[in-house]
Structure formats: structure tokens, C-alpha cells
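First up is the structure itself, then whatever we jot down about it.
Values below: every heavy atom of this structure, side chains too, minus hydrogens, waters and symmetry copies. Atoms within each ligand, like the ligands themselves, are counted from 1 in listed order.
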Amino acid sequence: MKFRNILFFLLITGVVNAQEAKINTLVSQMTLQEKVSLLHGNSKFYVSGVKRLGIPEWALSDGPHGVRAEINRDDWAYAGWTNDSATCFPPGTALAASWNPKLAYERGLVLGEEARYRKKDILLGPGINIIRSPLCGRNFEYMSEDPFLISKMAVAYIRALQSKDVAVSVKHWLANNQEEHRDSVDVYMSERALREIYLPGFKASVMEGGALTVMAAYNKFRGDWCSENEYLDRQILRKEFGFKGVLMTDWSAAHSTVKAALTGLDLEMGTDKKDYNEWYFADPLIRAVEEGKVPVSVVDEKVANVLRVMIKTKMLEEEKREKGKMNTPEHQRAAYNSAAEAAVLLQNNGNLLPLHFDKIKSIAVIGDNATRKHCNGGLSSEIKALYEITPLQALQQKFGATVKVNYAQGYEKQSSFKEGNNSGQSGSGKVDWKLIDEAVKAAKESDVAIIFGGLNHDFDTESSDKQNMDLPYGQEVLIREVAKANPHTVVVIIAGSPVELAGIVYRVPSILWTWYGGMEAGNAVADLLSGKVNPSGKLPFTLPVSLAQSPAHALGNYPGRDLKVNYEEDILVGYRWFDTKGIQPQFPFGYGLSYTHFSVGGFSTDKSSYGKGETIRVKFTIRNTGGSYGAEVVQLYVSDPECSVLRPKKELKAFEKVFLNPGETKTVEMLVKVADLAFYDESKKAWNAEAGEYILQLGNSSRDIFQKVKISVE
Ligand code: BGC
């Protein structure tokens with residue numbers, strides 16, 4: 001070890017020892033009652049402290065893409081504060097669609113600052129469950145079907161947020177991949193699928209990101225609730241990942257006192273009992289200790305975990321703590337950047353986009369999503385945004401002085417969503433001809449028609465899944481009729497999860513997918529349409545032609561039978577399924593166009609043969625051959641054609657978003673550890689990078705590969 005490294009090591013060891021000594025002292029000064037008061041909520045989002053020892057009450061808040069407005073202490077109603085409006089970012093799938101971890105970092109800083117300003121200690125996010133089915137109501141809040149992309153985004157988000165003295169809570173541990181029966185379903189999957197697909201995001205969040213808290217999911221995993229699951233909570237999270245922070249329940253996801261205590265749960269939140277002393281981790285825990293069912297050392301371990309989070313977030317040294325800021329222009333700029341970089345240009349026949357507003361005299365702006373605000377939807381992740389710019393507002397404000405804007409609603413949001421009641425989602429096929437006629441008239445009278453369609457938070461929501469993948473409210477008919485009236489029709493899809501586009505791709509020249517864009521949604525989409533911003537997002541999930549193509553649905557194992565779901569598609573989730581089975585999706589994972597063009601070449605590796613402990617250095621050059629500034633996301637997939645077990649045809653192992661001026665060329669290096677080429681070998685219960693040939697493939701989607709290089713592992 002170099003002298004500098006030794007010094008650093010001694011310093012860290014010293015700090016850790018001092019921290020642990022402080023924790024031990026505090027624990028030794030507490031009564032059992034005081035200890036237990038730290039292990040359960042004393043209201044919806046607060047947990048008691050121990051005042052006499054200088055331990056403050058601590059505050060938790062949703063959620064992943066903004067700091068949620070204040071909720072009453074003892075019920076779910078909003079407290080009606082006037083100073084809790086916040087910055088609202090585009091939700092998870094939009095973040096992942098940017099393929100830019102710097103934006104995840106930027107978001108983490110903003111969320112940390114706003115959480116601190118609101119005096120919050122733990123922000124309940126990021127949500128990183130795998131997008132397994134296109135129907136999952138919470139897909140919009142999650143990020144991707146790919147564990148590598150999730151890991152990169154989550155680690156950046158966590159590091160930034162926690163640098164502001166706020167803890168994250170990575171959720172939902174584990175396999176909360178559907179909202180249907182989420183609080184009773186029992187999930188089964190192979191050990192290999194667990195290790196290769198469902199765990200890596202959490203592993204990276206804890207081991208690389210240093211996540212200070214983790215939230216246990218509602219569902220069961222292999223027979224046991226996630227909040228009291230020995231294998232997940234003790235064996236994997238604590239022992240394998242070395243997690244030393246707080247494992248909390250999701251709200252009302254505790255089911256026992258003794259079992260949960262012994263298997264490693266630290267904090268009970270949201271239990272549906274008015275008297276907080278009756279919660280599992282309140283008086284019953286005290287009794288369990290007194291009766292000898294739970295050793296006091298187990299309680300001490302939990303209290304130590306809580307204190308460790310408090311020390312790391314400087315909760316015990318308020319004067320040294322980040323003070324925070326709210327709603328600054330920088331925060332709003334970050335929200336804008338995130339929306340602008342998320343948009344995925346799916347189709348642009350005849351280069352209809354970007355629109356040259358200086359030459360256009362009139363536009364038809366059509367669709368309920370042209371005027372709908374989305375920040376305040378989706379349940380626990382809903383944000384009381386300081387403001388939210390809709391597409392219509394932005395288009396009028398930016399171009400209205402010279403361009404006539406003909407607005408028509410086009411379709412109506414027919415459902416009224418009630419939590420736990422899927423019936424609100426009916427109306428997929430309902431066509432309102434009066435609204436369509438108005439839209440057609442507006443389209444005929446305009447140079448260009450822009451339809452803002454997609455979904456809303458009646459569909460993309462916590463607590464229920466979508467019923468199907470349709471574009472609801474008769475939008476397909478609307479799009480068909482408008483496109484007939486005006487061939488210069490652009491469709492903008494605002495949605496956080498896959499919808500079927502098969503019925504519209506051949507009818508309109510251009511489709512831009514802009515997700516829920518947060519508070520700056522309108523400004524971003526107007527700038528994307530005008531070309532002020534060049535689209536650079538890529539799909540973070542495969543867009544199937546129809547639901548039946550998608551693995552869980554093709555195999556009939558969604559949402560499960562008799563409250564059990566077996567993930568029979570195994571490791572073949574998302575593009576791993578489509579590519580391995582040779583199924584052509586509507587648009588592949590990683591796909592997205594630009595207003596400019598790129599050429600990629602010179603793909604090479606530093607060697608042709610590697611040892612198991614080595615790192616592969618991959619190089620390529622990329623040139624912007626078009627006429628505008630833009631960014632390409634270059635993706636490196638690996639395949640292992642000769643393996644003792646089935647491997648997915650391609651697996652993402654690295655990516656880089658490269659920004660280039662017209663004519664500019666850059667040489668880019670990416671690193672892949674040979675160890676990361678391994679599969680999880682169930683027979684050995686270990687990762688196994690088998691010796692032999694591997695093919696590295698460079699592309700800009702899982703289906704668009706520019707160049708391949710073979711390497712071998714000794
Ligand atoms: C959600 C969590 C959320 C919690 C608190 C639960 O219903 O599943 O993601 O953080 O509520 O609002």
C-alpha cells in the first residue's frame with residue numbers, strides 16, 4: 001500500500017471507530033422504551049427521537065422525483081401548508097431514458113437541497129424495481145428493464161442526494177414488479193434471475209452508492225414477506241452486501257414482531273393502527289424482549305443502525321448540516337435539463353421535425369395531454385409542483401406571437417381514478433366523434449398538427465396496474481383522422497410505461513416520446529419540437545408491438561395464480577427475451593433518433609485475450625456527421641455464444657452519452673471488468689466467467705449494432 005493510501009485507511013478507520021464508539025455510548029444510555037421508540041413511526045412520516053440524549057425526532061418524505069407536500073401527522077390528508085411547493089422532476093423512466101448519470105447526480109443534489117430545506121432526514125427514493133411487465137402501474141416511477149442502466153442511474157442519484165446530509169431509501173426491496181395484489185402476492189424466481197436481474201440495482205445502490213436506508217416491499221418473496229425475509233434481509237442485504245443502515249417497511253408492510261425483529265427489520269412505518277404503541281415494533285417489541293423472545297442485543301443492533309444513519313446525515317450535529325434551498329432557478333434548470341434529455345424520437349419520416357416555426361403560420365395543438373398537468377398524480381410520488389408548464393402554454397408563449405395556435409381537446413380523460421379500483425381505467429376504446437371532428441377541423445386549418453396523447457396517472461399509478469397496453473380514450477381513431485386531414489402530423493406520447501403504437505406508426509410521420517416531463521415539461525417539449533434541443537433520449541425498456549410479445553405475458557405468468565407468481569421467463573426480461581427469441585419489437589431497448597447523424601468506427605479492445613481479474617479497455621471514435629449539435633448514446637452489449645448455460649443474446653455492459661458539435665469527432669474509452677461477463681452459476685452458487693470466446697457489440701440500441709469484436713477469456 002502506498003503511504004498516502006495507508007494514511008487514508010487509518011483516517012477512515014479512526015472515523016469509523018469514533019462513530020461506533022459514539023453509537024455504543026448512546027445505546028448504553030437508553031432504556032428499552034427509548035430504544036424501541038426509535039424503531040417505529042410516531043405519525044405518518046415521523047419517528048421519535050430521544051430528547052434527553054440529544055437525538056431529535058426524524059422526518060421522512062416521499063418521494064423519488066421531488067419532495068412531497070406535507071401530510072398530516074395522523075391521517076393521509078395534505079396539511080395545507082403554503083410553503084411546501086417543490087421542484088418536480090420527470091419521473092424514473094424519464095430519468096433512465098436520458099442515459100445520462102450526470103443528470104441523476106444533478107437531480108440528487110437538488111432533491112437533497114430541497115429535502116433539507118423542508119427539514120427532512122430521509123427521502124423515500126429512488127424506486128428501482130425492474131420493469132418486468134408493461135402493465136405495472138409503477139413503471140413510470142421505476143427506471144428500466146435493465147439492471148446495468150438502473151445501477152448507473154441509482155448510484156449517481158444516491159451519492160449526490162446523500163452528499164446533502166439526507167438519506168435515501170432505495171425501494172422496493174424486492175420484486176415489487178406489479179401493483180396487482182402487491183400486498184399479498186408471493187414471488188418466485190430462480191436464484192439466477194434473482195442474482196442477474198433483480199438484485200444488481202440494489203447491490204450497486206448499497207455497495208457503490210452507499211445507500212443509508214432500504215425499504216422492504218409489500219409482497220412476499222419465496223413464501224416470506226419481504227419485511228421479514230431471512231434470506232433477503234439477513235443473508236443478502238446484511239451479510240453479502242454489508243448493509244449497515246436502516247431497513248424500513250413500506251407503509252403498512254409489517255406483519256410480525258418477533259420474526260421481523262430477528263430477520264433484520266429495523267423500522268416499522270405506516271401501520272394501519274391509530275395507537276402507535278400497538279404497532280409491531282412498539283409495545284409488542286418491548287414485551288417480546290421482556291419475555292426473552294427477542295434478545296436485547298437484536299434491538300441494540302437496530303438502534304445502532306438508526307444512529308449510524310443519523311450520524312452520517314449529521315442529524316446529531318444540526319449546526320454542521322446542509323441547510324438546503326428551495327425552488328431556485330438552478331433547481332428549475334435541472335428539472336428542464338432532465339425533461340429535455342429524456343425525450344426519445346421514435347420516428348421522423350421525411351424529417352418533419354424539427355418544426356421551423358419561423359416559416360410556419362399555424363399549428364393545431366390537439367389532445368388532452370396538451371393541457372393536462374401530471375406532477376400532482378401517481379399517488380405517493382405526486383408532487384405539489386411550484387408550477388407546471390403544459391405543452392400548450394409553452395407553445396403559445398414561445399411561438400404564439402407569430403404562429404396561430406388552433407387548440408382542440410381531441411379526446412377526453414374519461415376515467416376517474418380511485419385507489420385500488422381498476423374500474424377507473426375503462427374507456428380504452430371510447431371514441432368521442434364531436435371532439436375528433438373539432439380536432440380534424442383544427443388540423444385542416446393548420447400547417448402542422450401536433451397531437452399530445454399517451455396516458456395519465458389514472459394509468460401510470462401506484463396501487464393498480466394497467467388493464468392493457470392500449471392508447472386509451474379512442475386516441476388511435478383520433479390520430480388516424482387527424483393524420484388524414486393533415487399529413488404533417490406529429491404525435492407526442494406522454495406516458496411513463498409502454499403503450500401500443502402499432503396502430504399509429506404507419507399513419508404519422510413523426511413520433512416523439514416525452515414521458516411525464518415534470519414542472520418544465522412544456523418548455524422542454526416546445527424546444528424539442530422547434531429543434532432548439534436535439535432529442536437524445538433512448539428507450540429504457542423494449543416497446544413491444546403488443547402485450548402478448550412481452551415475456552411475462554407470453555408465458556402467462558402475470559399477475560400469477562392464487563396469489564403466487566413464478567417468473568418463468570427467468571433471466572429473459574425485456575430485450576434479453578426479445579433478442580434471444582428473435583422477436584421483433586415495435587422499438588427496441590436503447591433506441592432513439594436524433595436530428596443529426598453520427599458515425600461510429602474504430603471499435604477495438606486493448607487486447608484480444610484476458611485473464612479473469614482483468615479489465616477490458618474498449619475504444620471507439622464517434623463523429624457528428626450532421627448539421628446540428630447533439631448526443632448519441634453508444635451502448636456496449638456482450639454475448640457469450642459458447643456457454644454451459646443459456647445466456648441472453650445480448651447484455652448491456654457499458655454505455656456512454658457523447659455530446660458533439662457538427663463535424664466534431666471524439667475518441668471514447670469504456671471499461672468492462674472481465675468479472676462482469678460472468679453468469680450466476682446455480683450449481684456453484686457463485687458467479688462464473690467461463691473461459692472461452694465472448695463477442696462485444698457496439699451499437700445504439702440492442703438491435704442496431706455497428707461493429708463487433710471477439711475477445712477470449714483464459
Ligand atoms: C409506497 C412507497 C411510499 C410510501 C409512503 C407506499 O404506498 O409503496 O413507495 O414511499 O407509500 O408514502
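Ligand-side atoms of ligand 1 in range of L124: 10 (O), range being under 4.0 angstrom from any heavy atom. Short contacts between ligand 1 and H172, defined as distances under 4.0 Å to a heavy atom of the residue, involve ligand atoms 2 (C), 8 (O), 9 (O). Short contacts between ligand 1 and R68, defined as distances under 4.0 Å to a heavy atom of the residue, involve ligand atoms 12 (O). The R182 neighbourhood of ligand 1 comprises atoms 7 (O), 8 (O), with distances under 4.0 Å to a heavy atom of that residue. Taking a cut-off of under 4.0 Å to the non-hydrogen atoms of K171, the atoms of ligand 1 that pass are 2 (C), 3 (C), 9 (O), 10 (O). Of all the atoms in ligand 1, the ones that sit under 4.0 Å from a non-hydrogen atom of F45 are 5 (C), 12 (O).
When only non-hydrogen protein atoms are considered, atom 10 (O) of ligand 1 lies nearest to D62 OD1, 2.6 Å. For atom 7 (O) of ligand 1, the nearest protein heavy atom (residue, atom name, distance) is E462 OE2, 2.5 Å. Residue, atom and distance of the protein heavy atom nearest to atom 11 (O) of ligand 1 are D250 OD1, 3.5 Å.
The aromatic ring centres of Y575 and F541 sit 6.0 Å or more apart.
V47 is not listed as a side-chain neighbour of E57, based on a closest heavy-atom distance of 4.5 Å or more.
With a 4.0 Å cut-off on non-hydrogen atoms, E141 does not touch ligand 1 at all. Neither the backbone nor the side chain of E179 comes within contact range of ligand 1; no heavy atom lies under 4.0 Å. Under 4.0 angstrom from ligand 1, there are no non-hydrogen atoms of K44.
Residue K120 qualifies as enclosed at atom NZ: its count of foreign heavy atoms under 6.0 Å is above 12.
Checked against salt bridge (charged side-chain N to carboxylate O under 4.0 Å, His left out), E141 has the following partners two or more places apart in sequence or in another chain: R138.
Looking at R222 and E191, a side-chain N of the basic residue comes within less than 4.0 Å of a carboxylate O on the acidic one, giving a salt bridge. The residues D266 and R238 are annotated as salt-bridged, a charged nitrogen and a carboxylate oxygen being separated by less than 4.0 angstrom. In summary, K312 and D165 do not engage in a salt bridge, as defined by a charged side-chain N under 4.0 Å from a carboxylate O.
Screening L232, D250, V206 for a side-chain contact (heavy atoms from CB on, under 4.5 Å) with W173, the sole residue that qualifies is L232. Across L111, L103, V110, L109, a single residue satisfies side-chain contact (heavy atoms from CB on, under 4.5 Å) together with R107, and that is L111.
For ligand 1, the polar-atom distance check against R138 finds a nitrogen or oxygen pair separated by under 3.5 Å.
In this structure, M269 has no heavy atom closer than 4.0 Å to ligand 1.
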